[in-house]
2 protein chains.
Amino acid sequence: MARLSFREQMLRVREDAIVDSVNRLLAEKGFDLMTVDEVAADVGIAKASLYKHFASKEDLAAAAMIRALDRALAQLERLRASQPQPSPLELLKAVARWSMQVQLAGEMPSLPSQNSSLRTSLLHNAAYLHRLTQVSDQLGEWILAAQSDGSLDTALPPELILFTLYARACDPVLTVLKAGGQHSDEQIVEWLLRTCFQGLMTTPAKS
Amino acid sequence: MARLSFREQMLRVREDAIVDSVNRLLAEKGFDLMTVDEVAADVGIAKASLYKHFASKEDLAAAAMIRALDRALAQLERLRASQPQPSPLELLKAVARWSMQVQLAGEMPSLPSQNSSLRTSLLHNAAYLHRLTQVSDQLGEWILAAQSDGSLDTALPPELILFTLYARACDPVLTVLKAGGQHSDEQIVEWLLRTCFQGLMTTPAKS
DNA sequence: GTCTATATCAAGATAGAC
DNA sequence: GTCTATCTTGATATAGAC
């Protein structure tokens, strides 16, 4: 990686501030309800200036999604390197806990589950898809390992488990409970981890 | 209920057709991406005619949501009257199964979890709120009963269980798995019921 | 109540000066 | 690269004739 000139560093910092705002607004209101005017106002620059950095609203959102995936990848790497090495199930729980914490902090840019211009644009974004594949590959590896060692149910297809983990990372139950204001973030996360991995039913005592 | 004139019956039928279209489009694309033009085209009447029946797009969606809740209430009533009376846990599972089936059939009008004009308008809609309360009351009753008889985890607050059931009724995992086209609807529903109530982990054998 | 045609407005994107 | 001012589009909603 070549050294950056002062000018390039300024550019980098400015764009980072933009992506910060987009990330937060995306987490708050979602892609459809977020307006480019809001982003510009939030960053404190004119809308036209935004468009000098990013060609479209979709590109803006894609940048935020890519950075979120980069952070996820960094987190996966930290977990993979942790000593003593946790079991596959513990690794997956740790990932789920981390993503829930990110969401509670209002920093999880959730893409709309329904079809939107964002989804189609992301499906043509190589940088995004590459990172998404990397995350899925690592999780898939742990899922298979957890099924092999008997901790995750082998009756469930691995892809179902993968999709479920993705879905729980932006579970609306988190938001609703936090909005209720009755419980601490930590308590909410532990409950949702419990329902994700053990379900709603009473856990039978292990024999 | 007074007898309806022929004219009034025609009106009723027409409005029912409109709500049908709205319901389907709402399930397909969600509120924000559904346009009134689409609804009009789908019903086969002019947009201005739509606005003679419903004052706004929000009212249109509210009508669909209200009808969906009415169907849920009817389903709850059927379950409540079923003989022999199932256990509370079985009743809750039956509700979850039913709502998942409705969603897979493309007939579940999901409201956006994020704040939108629809959410705020629904919060001021007495007819909607009344039905939502009725549904929640019935489910809440069963949840408490299931916790009392030891089948649902008493460590979880009843409201968390209620929210979770609502969330699973429009779980994106359902849509994604169905889109994959690898599995039958029945199989998908059974898997998701399993993950909802027992979680992802291997179920320990009961002693 | 239904239609065609139109008003209105919000939001994505751009022109052109500096 | 940043700004102000403007273009353009698409979508909600309405006017007014029949």
Side-chain angles (χ1 to χ4, degrees), chain A residues 4-22 25-26 28-64 111-112 114-122 124-125, chain B residues 4-22 25-26 28-64 111-112 114-122:
Chain A
L4 298 175
S5 71
F6 179 73
R7 184 180 235 96
E8 283 164 334
Q9 284 187 44
M10 287 288 89
L11 186 80
R12 182 75 58 101
V13 166
R14 165 59 53 90
E15 297 200 340
D16 215 56
I18 295 174
V19 176
D20 265 343
S21 284
V22 172
L25 288 170
L26 223 44
E28 242 175 60
K29 341 185 39 166
F31 181 72
D32 293 320
L33 271 60
M34 174 188 85
T35 71
V36 178
D37 291 86
E38 277 174 327
V39 177
D42 195 73
V43 179
I45 63 176
K47 182 163 54 167
S49 306
L50 262 191
Y51 278 96
K52 297 284 180 183
H53 292 274
F54 299 92
S56 68
K57 185 185 176 184
E58 280 77 18
D59 280 12
L60 219 44
L111 48 148
Q114 278 126 356
N115 284 350
S116 75
S117 54
L118 178 56
R119 272 193 77 81
T120 48
S121 119
L122 285 176
H124 294 82
N125 188 318
Chain B
L4 298 175
S5 72
F6 179 74
R7 185 179 235 94
E8 282 164 333
Q9 285 186 43
M10 287 289 88
L11 185 81
R12 182 74 59 101
V13 167
R14 165 59 53 90
E15 297 200 338
D16 215 57
I18 295 174
V19 176
D20 265 343
S21 285
V22 172
L25 288 170
L26 222 44
E28 241 174 61
K29 343 184 39 166
F31 181 73
D32 292 320
L33 272 60
M34 175 187 84
T35 72
V36 178
D37 291 86
E38 278 174 325
V39 177
D42 195 72
V43 179
I45 63 176
K47 181 163 54 169
S49 306
L50 263 191
Y51 278 96
K52 297 285 180 181
H53 291 274
F54 299 92
S56 69
K57 184 185 177 184
E58 279 78 17
D59 279 12
L60 219 45
L111 47 147
Q114 279 126 356
N115 283 351
S116 74
S117 55
L118 177 57
R119 272 194 76 81
T120 48
S121 116
L122 284 176

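Just so we're on the same page: letters track the sequence lines, and every chain starts at 1. What you see is a predicted model; the values in this text were computed from it and never measured.
Looking at heavy-atom distances under 4.0 Å, A:Lys57 makes contact with sugar-phosphate atoms alone, never a base. Counting non-hydrogen atoms under 4.0 angstrom, A:Met34 reaches the backbone sugars and phosphates but no base. Residue contacts for A:Ser49: at a heavy-atom cut-off of 4.0 Å it reaches a base atom on one of the strands shown.
Side-chain atoms of B:Lys57 come within 3.5 Å of backbone N or O of B:Met34 as a donor-acceptor pair.
Here the shortest heavy-atom pairing between B:Leu33 and B:Glu38 reads O-OE1, 3.8 Å. Summarising the geometry of B:Leu118 relative to B:Ala61, their closest heavy-atom pair is CD1-CB, 3.7 Å, with the distance given to 0.1 Å.
Separating the CD atom of B:Glu8 from the C1' atom of C:dG1 is a distance of 15 Å, rounded to the nearest angstrom. For the pair B:Glu38 CD and D:dG10 P, the interatomic distance rounds to 13 Å; values are reported in whole Å. Note: CZ (B:Phe54) to P (D:dT14) measures 15 Å, nearest angstrom. When the P atom of D:dT9 is taken as reference, atom CG of B:Asp37 falls 16 Å away, rounded to whole Å. Note: CG (B:Leu33) to C1' (C:dA11) measures 15 Å, nearest angstrom. The interatomic distance linking A:Leu60 (CG) with C:dA13 (C1') rounds to 13 Å, in whole Å. Regarding A:Asp32, its CG atom lies at a distance of 13 Å from the C1' atom of C:dG12, rounded to whole Å. A:Glu15 places its CD atom 9 Å from the P atom of D:dG1, with the value rounded to the nearest Å.
A distance of 12.5 Å separates CG of A:Asp20 from CD of A:Glu15, quoted to the nearest 0.5 Å. Distance CD1/B:Ile45 to CD1/B:Ile18: 4.5 Å, rounded to 0.5 Å.
Nearest-nucleotide mapping onto DNA chain C: of B:Leu50 and A:Ala48, the residue sitting toward the 5' end is B:Leu50.
The side chain of B:Arg7 lies closest to C:dG1 when the candidates are C:dG1, C:dT4, C:dA13. Relative to the side chain of A:Lys52, the nucleotides D:dT12, C:dT4, D:dT2 differ in distance, and D:dT2 lies closest. With distances taken from any side-chain atom of B:His53 to the nucleotides C:dA13, C:dG1, D:dA13, the minimum falls on C:dG1. The listed nucleotides are C:dC3, C:dA13, D:dC3; the one nearest the side chain of A:Ser56 is C:dA13. Taking only side-chain atoms of B:Ala46, from C-beta outward, the nucleotide of D:dC3, C:dA11, C:dC3 with the closest atom is C:dC3.
Taking side-chain N and O atoms only, A:Tyr51 has a distance below 4.0 Å to OP1 or OP2 of C:dA13.
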